[in-house]
Protein chains: 2
Amino acid sequence: MDTEQNSHLSSDESIIEMLRSRGITPTSQRIEIARLLFSRCEHLSAEDVFSLMNADRAMASKATVYNTLGLFAEQGLIRQLIVDPERVYYDPNTSPHHHFYDVSTGMLTDVDATLVQITGMPALPPGSELEGMDVIIRVRPAAGGVAH
Amino acid sequence: MDTEQNSHLSSDESIIEMLRSRGITPTSQRIEIARLLFSRCEHLSAEDVFSLMNADRAMASKATVYNTLGLFAEQGLIRQLIVDPERVYYDPNTSPHHHFYDVSTGMLTDVDATLVQITGMPALPPGSELEGMDVIIRVRPAAGGVAH
DNA sequence: CTTAATGCAAAGGCTTTGCAGAGAC
DNA sequence: GTCTCTGCAAAGCCTTTGCATTAAG
């Protein structure tokens, strides 16, 4: 459960190594953002990351947060979640999994993809290759509330 | 293939009936937007609908297009597709199906859900009920192009 | 020292809103 | 005639961009 990809990352060393392995120059802002993402392992918006980054003292500008998250996603360090029309969420968990999405609270919950079998998916359109698959199960609070 | 829900809708009568059945007052703008959506049966953005509506002559303002699409989606006449971080798409096809999404062209293609079997999905979080499920297969043009 | 990253503020694009006038019934 | 819908323009958000400054190696 502790593979090379995104190990524990408590130390700056391992974060820096992870960034370098993807060809990303490890600046202090990028290291902090990576630490923040991988220590919480939640689904965060750019705004969330910006607030957390600057909670104690100014550590990164909004532009840098957006650029860094975009860069991390592009390099496969994190995954973009397009689930809410209002904003993009970023998921530090890059292993195959799906999501529950509570449309009224915005809460995202992981669903392990190894449990889920999808069969009968048609072939990709000719001339295209797979980039990724998103399975989003939209839920809302039950009419009657929690059954006891 | 021609169920009651969204039949052919060539006539104003059937469109008006459809709107009324959902408790939507059939104004001329709403009738036109519904006709446009159900005759094309494509995946359209609000901007697309706005342009098509006003191609010949002014038929609806942007505000009305947005409000109407939101209303239709809320009433289950059409389905919102959250697939592109830049804009929402609307799908007149409300029967269960999934989508291919070409990330470089933005093109959306339907995948019949009756062919696809999904098993092993865990139970919904307690106190929540299903609102819908989206399966999006992100594809991109293959590196080598179409294999002839 | 050279190249690349950061920060600020301004711009951009999609969507919503407020309110007066018009339309549905 | 009443209540709701439409349209316009302005405002709101999230996100990107341009450019001078600063940091990385």
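These numbers were taken from a predicted model, which means no experiment stands behind them. Throughout, protein chains are lettered first and strands after them, A, B, ... in sequence-line order, and every chain is numbered starting at 1.
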State plainly whether one hydrophobic cluster holds both [X] and [Y], where clusters connect Ile, Leu, Val, Met, Phe, Trp and Tyr through side-chain heavy atoms under 4.5 angstrom apart.
| X | Y | result |
| --- | --- | --- |
| B/Met18 | B/Leu36 | yes |
| A/Ile82 | A/Met133 | no |
| B/Phe50 | B/Leu81 | no |

More than 12 heavy atoms from other groups under 6.0 Å of CD on B/Glu131: yes

N or O in side chain of A/Arg30 less than 4.0 angstrom from D/dA23 OP1/OP2: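 For D/dA23, neither OP1 nor OP2 has a side-chain N or O of A/Arg30 closer than 4.0 Å.
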
Euclidean distance, atom CZ of residue B/Phe50 to atom P of D/dG7 [Å, nearest integer]: 9 Å

Whole-Å distance separating the CD atom of B/Gln29 from the C1' atom of D/dG7: 9 Å

Closest-nucleotide 5' rank along DNA chain C - winner of A/Thr64 and B/Ser28: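 On the 5' side of the pair lies A/Thr64.
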
Ring geometry between A/His97 and A/His43 (parallel below 30°, tilted from 30 to 60°, perpendicular above 60°):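 Answer is tilted, since the angle falls between 30° and 60°.
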
Taking only nitrogen or oxygen atoms into account, show me every contact under 3.5 Å that the protein makes with nucleotides 10-16 of chain D, one pair per line with its distance.
| from | atom 1 | to | atom 2 | distance (Å) |
| --- | --- | --- | --- | --- |
| D/dC14 | OP1 | A/Arg87 | NH1 | 2.8 |
| D/dT15 | OP1 | A/Val88 | N | 2.9 |
| D/dT15 | OP2 | A/Tyr66 | OH | 2.8 |

Carboxylate-amine/guanidinium contact A/Glu32 A/Arg35, below 4.0 Å: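 Salt bridge flag = yes for A/Arg35 with A/Glu32.
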
Any side-chain heavy-atom pair of B/Phe72 and B/Arg30 under 4.5 Å: yes

Heavy-atom contact window of chain A on DNA chain C, given 5' to 3' at under 4.0 Å: C/dA5 to C/dC8

Polar contact flag, side-chain donor to acceptor under 3.5 angstrom, B/Ser45-B/Asp48: yes

